[in-house]
Amino acid sequence: MAEVEIAAQAYVKMQLHAAKYPCRAVNGLLLADKVPEVPGGECLLLTDCVPLFHNSLALTVMLEVALNQVDLWSAANNQVIAGYYQANNHVRDTSLNSVAVKIADRVAEHVRGAVLIMLDNTKLSSDYSGPAVIVHDRQDGKWTPKDKNLVMWRDWTGTRSVVSELMEDRAYGRLVDFDEHLDDIRRDWSNGHINERIGALSPTANGSA
């Protein structure tokens with residue numbers, strides 16, 4: 001199995017999305033600059049994420065609209081949809097439900113080495129010392145937890161520090177997901193303002209050296 005590296009920009013925005021809607025399930029898409037050509041090849045670097053929904057994760061029509069828009073936008077920025085993330089609404093529930101599997105399967109059809117990340121709500125706090133993610137990859141048609149030794153962090157201490165600062169600043173209130181964009185198309189689901197803030201706090205926020 002290939003290694004996966006999660007850049008600060010992707011991780012922090014996943015946490016902000018979950019923090020903005022602590023009593024609801026949320027989901028989103030993970031972006032990468034480059035995807036391994038063969039399983040077991042070079043590391044998959046997840047550079048960013050796009051928050052999708054918080055009202056209903058299973059709205060097929062809205063999902064298709066979101067997938068099409070994110071696909072076009074990411075391609076224009078030399079990126080590709082390389083994974084899916086989800087946080088369930090129950091605090092201790094990190095199980096894969098049918099929605100997570102269905103959307104992750106869609107991503108995996110187009111990207112070899114795609115991942116599915118479940119957020120661990122019990123660890124979504126700047127006080128917790130470890131990452132609040134459970135990374136899965138697809139083996140023999142099934143999503144299974146990935147070996148933690150194959151999940152890399154360029155600067156975990158720095159990433160944790162960014163999470164702490166943005167949580168204290170309540171930056172999650174300024175994060176925009178696709179649900180909010182559909183309510184008001186002037187709202188930017190790419191969250192450029194959040195990306196700039198994360199970049200100012202972490203020189204390697206999007207995985208760049």
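Keep in mind that this is a model prediction, so the values were computed, not measured.
Ion pair Arg138/Asp105 flagged as a salt bridge, since at least one NZ, NE, NH1 or NH2 atom sits closer than 4.0 Å to an Asp/Glu carboxylate oxygen. Ionic pairing of Lys142 and Asp140 is not present here: no N-O contact between side-chain nitrogen and carboxylate oxygen is shorter than 4.0 angstrom. With respect to Arg160 and Glu165, no salt bridge is recorded, no charged nitrogen being found less than 4.0 Å from a carboxylate O. Between Glu64 and Arg106, at least one side-chain nitrogen of the basic residue sits less than 4.0 Å from a carboxylate oxygen of the acidic one, meeting the salt-bridge criterion.
Both Val135 and Leu30 are part of a single hydrophobic cluster, where members link through side-chain heavy atoms under 4.5 Å apart. Val26 and Tyr11 are not part of a single hydrophobic cluster, where members link through side-chain heavy atoms under 4.5 Å apart. A single hydrophobic cluster is seen to contain both Ile81 and Met118, as judged by linkage of ILVMFWY side chains at heavy-atom distances under 4.5 Å, directly or through other members. At a threshold of 4.5 Å between side-chain heavy atoms, the hydrophobic network of Ile, Leu, Val, Met, Phe, Trp and Tyr places Trp73 and Val107 in one connected group. When the side chains of ILVMFWY residues are joined at heavy-atom separations under 4.5 Å, either directly or via intervening members, Leu72 and Val65 end up in two distinct hydrophobic clusters.
At a threshold of 4.5 Å between non-hydrogen side-chain atoms, the residues His54 and Lys20 do not count as touching. Within the 4.5 Å cutoff, the side chain of Arg174 has heavy atoms near those of the His193 side chain. Using a 4.5 Å cut-off on side-chain heavy atoms (C-beta onward), Phe53 and Leu63 make contact. Inter-residue side-chain proximity for Val151 and Ile6 is flagged as met; some heavy-atom pair is nearer than 4.5 Å. For the pair Asn121 and Arg92, the minimum side-chain heavy-atom distance is 4.5 Å or more.
To the nearest 0.5 angstrom, Leu150 atom CG is 12.5 Å from Lys148 atom NZ. Leu16 CG to Arg197 CZ: the interatomic distance, rounded to the nearest 0.5 Å, is 10.0 Å. Once rounded to the nearest 0.5 Å, the distance linking CG of Asn55 with CG of Asp183 reads 7.0 Å. Atom CD of Gln79 is separated from atom CG of Leu31 by 5.0 Å, given to the nearest 0.5 angstrom. Here the straight-line distance linking atom CG of Asn191 with atom SG of Cys49 works out to 8.0 Å at 0.5 Å rounding. Atom CD of residue Gln69 and atom OG of residue Ser74 lie 11.5 Å apart, to the nearest 0.5 angstrom.
In terms of heavy atoms, Leu166 sits closest to Leu201 at CD2-CD1, 4.0 Å. Minimum heavy-atom separation, Pro131 to Lys123: O-CD, 4.1 Å. Contact detail for Lys102 and Thr60: the closest heavy-atom pair is NZ-OG1, 4.3 Å. Considering all non-hydrogen atoms of both residues, Ser202 and Val162 come closest at CB-CG2, 3.9 Å.
Just one residue in the list Val176, Ile194, Asp177, Asp179 forms a side chain to side chain contact (heavy atoms under 4.5 Å, CB included) with Pro51, and that residue is Asp177. A side chain to side chain contact (heavy atoms under 4.5 Å, CB included) with Leu52 is found for one member of Leu67, Leu29, Ile103 and no other, namely Leu29.
Side-chain atoms of Gln9 and Thr47 form no donor-acceptor pair, as typed in the model, at a separation below 3.5 Å.
Using cut-offs of 30° and 60° for the angle between ring planes, the His181 and Phe178 rings count as tilted.
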**OP:** Verify side chain to side chain contact (heavy atoms under 4.5 Å, CB included) between Glu3 and Leu44, making sure each step is shown before the conclusion.
**Re:** CA-CA 6 Å; Glu3 295 177 346; Leu44 171 66; over 6 Å; no
Subject >> Residue pair Glu5, Trp153: steps toward the side chain to side chain contact (heavy atoms under 4.5 Å, CB included) verdict >> reply: CA-CA 6 Å; Glu5 181 177 338; Trp153 305 87; over 6 Å; no
Original post:
Stepwise, does the side chain to side chain contact (heavy atoms under 4.5 Å, CB included) test hold for Gln86 with Leu119?
Top reply: CA-CA 6 Å; Gln86 182 171 306; Leu119 298 184; over 6 Å; no
**OP:** Would you sort out whether Thr144 and Asp137 count as a side chain to side chain contact (heavy atoms under 4.5 Å, CB included), showing the intermediate values?
**Re:** CA-CA 6 Å; Thr144 57; Asp137 57 13; 3.9 Å; yes
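Separation of the Trp143 and Tyr84 ring centroids does not fall under the 6.0 Å cut-off.
For Asp48, the salt bridge (Lys or Arg N to Asp or Glu O under 4.0 Å) partners are Lys13, not counting sequence neighbours.
For His90, the NE2 atom sits in a loose shell: 12 or fewer heavy atoms of surrounding residues, nucleotides or ligands are nearer than 6.0 Å. At most 12 heavy atoms of other shown residues, nucleotides or ligands fall within 6.0 angstrom of atom CZ in Arg170.
Asp188 places a side-chain N or O within donor-acceptor distance of the main-chain N or O of Ser190, the cut-off being under 3.5 Å.
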